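Written below as C-alpha cells is the structure these notes are about.
One-based numbering, in listed order, for ligands and for the atoms of each. Because the structure is predicted, anything quoted here is derived from the model rather than measured. Note: hydrogens, waters and symmetry copies are ignored here, and every other heavy atom, side chains too, is used.
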Amino acid sequence: MADTTLENLLSEDRVFPPSEDFAAAANAGPEIYDESADWESWWMKQALERITWFQEPTVALNSDNPPFYKWFEDGKLNLSYNCLDRHLDTIGDKVAYHWIGEPGDTRDITYRELYEEVTKFANVLKSLGIGKGDRVAVYMGMVPELPITMLACARIGAIHSVVFGGFSSDSLADRIQDAEAKVLVTQDGSWRKGSVFPLKEHADVSVAASPSIEHVVVVERAKNDAPMTEGRDLWWHDLMEGQSTVCEPEVMDAEDILYILYTSGTTGKPKGIVHTQAGYLTGIMTTHSLVFDIKDDDVYWCGADIGWVTGHSYIVYGPLANGVTGVMYEGAPDAPKKDRLWQIIEDHKVTIFYTAPTAIRAFMKWGDEYPAMHDLSSLRLLGTVGEPINPEAWMWYNEHIGHGNCPIVDTWWQTETGMIMITPLPGAVPTKPGSATFPFPGVGATAVDEDGNEVPKPGGGFLAITHPWPAMLRTIYGDDRRYVDTYWSRFPGMYFPGDGVKRDEDGYFWLLGRVDDIMLIAGHNISTTEVESALVSHPAVAESAVVGRKDPVTGQAIAAFVTLRGGFVGDEALLQELRNHVAETIGPIAKPKSIVFTADLPKTRSGKIMRRLLKDISEERQLGDVTTLANADIVAEIAAESAANAQD
Ligand code: ATP
Ligand code: MG
C-alpha cells in the first residue's frame, strides 16, 4: 500500500441478527465482550476451566522477551490426555468420528476406540525409537489413522509435521528435511475423485532425498501394491498387532512444541509455523466452543483437510478436547456426484458445517439443484474460513444450505494464529454478509495506516493484532530471525498478519485480502476483494480474481479474470456489461480495464486464488513459481486467452 489508507468502495447494508431462540440458548452472549476486557485473566480463566492439568499454571503470560511470548508457562499437561483419557468415564461410548470413505465404506469410531488406537500407535512409535521432541512427518489422506498418528505423537511428546496429502514429492522432501524428521507415516494410496493417488510412491522419492528418515510406516488403504523397502518400510497393521493399550501420557510443559505446520505457500518459501501446548489448547477449545456454539448432541463437520491448520485445530484437537461428535470425509465433494456433501449431511444429521468460500463458489457454479435434492434441516449453524467471502456467496450459502435458519460465522485466522481471531459469536452478533464482524473475546485487533497509527472508523488499512493471544505461533522452526522480521517488525509491538482490513461505521471488520495484492489506481488504494465481490454480485458470475497491472496513465489498471455460472456465455456484450456493473456498484475508479473469461482460476492446493500469477500474465512476465498450484494447466490457458485479447 502506498501513502493513503484503503478506499472504501463496497457498502453492504443487509444485517442478519440471530433468532431469539438461538441467542437464548447460545454458549456466548453479548456480555462476554465486557467480561473479557482484562484479557490476560480472562484467558487464564478459560485455561483453568477447560483443560485438565497435571499441574495448574499460576501465570497467564510471560512478556519478558517479546515477541517470544510464553503462555501458562508453569502448567503441565498432555493434549492426548485432554482429548481422550479424561472422556472415557463420561463419553467413552460416544462417537468421536463418523468416518466416511470416498468409495462408500464407513467407520464409526468412539472415544474409547480412538483412545485404544492412539495408545497402541504411541507404543509403536516408541518401539521405532521415537521419544519426546523427535519429529514425525505425516503424509496422508483423510483416513482415521491421520488423527490417530497426531494424537499418538502428542501422547509421547513427539512433534508432528503434517504435510497435505496433495503436495508433491519435492514439497514433502523440503518439509521433512527442514524438520529433520525420523519417521514418516503415510499410506499406500489415497482416494481422490474415484481414482487412487499413489502416496507411497511419491513419499519414496522424498525419502530418498531425506537421510534423517529411519522408518516409513504405511497404512494400507487403497491396496494399490505400494513398493516397500525391506527393513525401512513397515505396514501399520503389522506394527499394531499385539500392541498394548497402556501408554502413560508424557507430562508436557506448557511451552513444549506440539507441532510444526508449514504454511501453504501462496506467498513464497514455506515457513515451519511452531505451535506449543497449553496456550494452543486453550485458544482452540475456547473458540471452538463459543464460535460454533458446541452442544453435547451436536454433529459437527469441518470439511477442511487435516493437512491444513483448520483441520489441526477444528477437526482434531478442538473438537476432541470438547468431546463433540464429528464427521470426517475422505474424498472429493463431487465424488461420485455433486451432491455428496449434502447426502452426508442428510445421512448423519449434521448440525454444524464449516467450509471455505472457494468450495461455496464451486457449489454455486454447479447449481442449486444439488443441495435441493437433500434434507438439510438438521443444520443450525454454518461457518466459512480461508478467504474473504463475497457477499453474494454468503447469501447463496445462507439461502441454499442454511435455508435462512442458520447463523453464518465468517472466521478470519491463519496458520500462524492457530485459532479463530475475528469472527461473529453466533448468538451475540448480528452478521453482515462478507464481514467477519469483530475480534474474538480476548483478542485485540484494529486497522492501522503505514505508520502504525489506528485508522478511524469508517476506514481501512493494515490489519494489526494489538496484543499476544494464547494460540499464537511461537516462532518459525529454526528461524527466530524470520519470525521477528515477518510478523513483528512492520509495526512495533503489534503482530502483522499481512492482510488489509476496513472497519465500517459500526466497527465491523471487513477483510480485504492480502496487502501484497492491493492495487494502486490513480492514487487510490483499492482492494481486490471489493472489486471481485462487485463482479460476483452480477448473476452471470460465479468467481472472479482481479489484479493491478502496470498502466502508463493510471499507474495500475484493473485486470479482471472471470468464471461464469453455468448457462452464460462470455461474449463482448457481457464483458461491457460487467465493466459497467462494477462502475455502477462501487464506482468508476474500480471499473476493470480488461476482463478475461476463463473456465477456472489458478488456485493453491488449499483452494485459494493465486493472484500473483495472474499479475504475471497481465504484465506478460515470465511466470512465477507454479509448483504449489492445484491446477497448473489453467495458467497456460489463461495466458493464451489473455494474449489473444491483447491483440484484439
Ligand atoms: P501462505 O501464508 O503460505 O501464503 P496462506 O496465507 O494461504 O498461505 P493460511 O494460513 O491457511 O495460509 O491462510 C491464512 C490467510 O487466509 C489469511 O492471512 C487471509 O489472507 C486468508 N483468510 C483466512 N480466513 C479468512 C476470512 N474469513 N476472511 C478473509 N480472509 C481470510
Ligand atoms: Mg499466510
Side-chain angles (χ1 to χ4, degrees), residues 162-164 167 171 174-175 261-273 275 287 291 302 304-314 354-361 382-391 393-394 397 408-424 431-440 445 460 462-465 471-473 476 482-483 486-487 495-502 508-518 527-530 532-533 602-613 624-625 627-630:
V162 178
V163 179
F164 173 59
F167 272 132
S171 305
D174 284 349
R175 288 158 172 79
L261 181 61
Y262 291 82
T263 52
S264 66
T266 319
T267 45
K269 182 181 178 290
K271 303 181 276 271
I273 302 301
H275 284 293
T287 47
V291 174
C302 167
D305 192 287
I306 292 177
W308 313 122
V309 73
T310 306
H312 282 56
S313 297
Y314 299 112
Y354 189 33
T355 190
T358 186
I360 297 169
R361 292 187 305 252
L382 300 173
T384 76
V385 60
E387 286 178 294
I389 181 162
N390 314 110
W394 194 104
Y397 197 33
I408 298 178
V409 290
D410 170 3
T411 63
W412 178 89
W413 60 297
Q414 308 177 297
T415 308
E416 293 88 336
T417 68
M419 65 180 223
I420 293 169
M421 299 289 278
I422 303 179
T423 178
T431 52
K432 301 186 186 185
S435 169
T437 75
F438 301 106
F440 186 78
F462 300 96
L463 176 62
I465 307 296
M472 60 187 285
L473 78 165
I476 292 173
R482 193 169 175 208
Y483 166 67
T486 310
Y487 303 111
Y495 171 84
F496 173 55
D499 284 8
V501 72
K502 75 176 184 196
Y508 279 66
F509 284 64
W510 299 78
L511 277 304
L512 297 177
R514 291 162 199 279
V515 167
D516 304 336
D517 290 338
I518 281 163
S527 93
T528 53
T529 304
E530 293 194 313
E532 289 164 4
S533 289
K603 305 241 175 97
T604 62
R605 284 171 208 272
S606 56
K608 299 181 192 199
I609 298 171
M610 225 208 252
R611 291 179 193 73
R612 78 176 157 77
L613 285 174
D625 184 12
T627 52
T628 58
L629 280 185

V309, portion touching ligand 1 at heavy-atom distance under 4.0 Å: neither
G386 to ligand 1, any heavy atom closer than 4.0 Å: yes
Under 3.5 Å side-chain donor-acceptor pair for Y262 and S171: no
Counting only heavy atoms, which portion of L511 has something under 4.0 Å from ligand 1: side chain, backbone, both, or neither? side chain
May I ask you to list the atoms of ligand 1 that are less than 4.0 angstrom from any heavy atom of K608? 5 (P), 7 (O), 9 (P), 11 (O), 12 (O), 13 (O), 14 (C), 15 (C), 16 (O)
Taking K603 first and then E387, would you say they form a salt bridge - that is, a charged N and a carboxylate O separated by under 4.0 Å? no
Between T384 and ligand 1, is there a nitrogen or oxygen pair with a distance under 3.5 Å? no
Just heavy atoms, cut-off under 4.0 Å: does K271 contact ligand 1 by side chain, backbone, both, or neither? neither
Using heavy atoms and a threshold below 4.0 Å, how should the contact between T415 and ligand 1 be classified: side chain, backbone, both, or neither? both
Tell me the contacting part of W308 for ligand 1: side chain, backbone, both, or neither, using a 4.0 Å heavy-atom threshold, strictly below. neither
Between W394 and the options T431, L382, T384, I360, the side-chain contact (heavy atoms from CB on, under 4.5 Å) test singles out T431
Checking A359 now: which residues fulfil side-chain contact (heavy atoms from CB on, under 4.5 Å) with it, not counting sequence neighbours? T355, F363
Check whether any heavy atom of Y262 sits under 4.0 Å from an atom of ligand 1. no
Looking only at distances, please establish whether an N/O atom of ligand 1 is found under 3.5 Å from an N/O atom of T411. yes
Are V501 and L511 close enough that some pair of their side-chain heavy atoms sits under 4.5 Å apart? yes
Any atoms of ligand 1 less than 4.0 Å from a non-hydrogen atom of D499? List them with their elements. 17 (C), 18 (O), 19 (C), 20 (O)
Got a salt bridge between E532 and R361, using NZ or NE/NH1/NH2 to carboxylate O under 4.0 Å? no
Side chain to side chain, W510 and E530, heavy atoms closer than 4.5 Å: no
Any idea how Y508 and F438 line up, ring-wise: parallel (<30°), tilted (30 to 60°), or perpendicular (>60°)? tilted
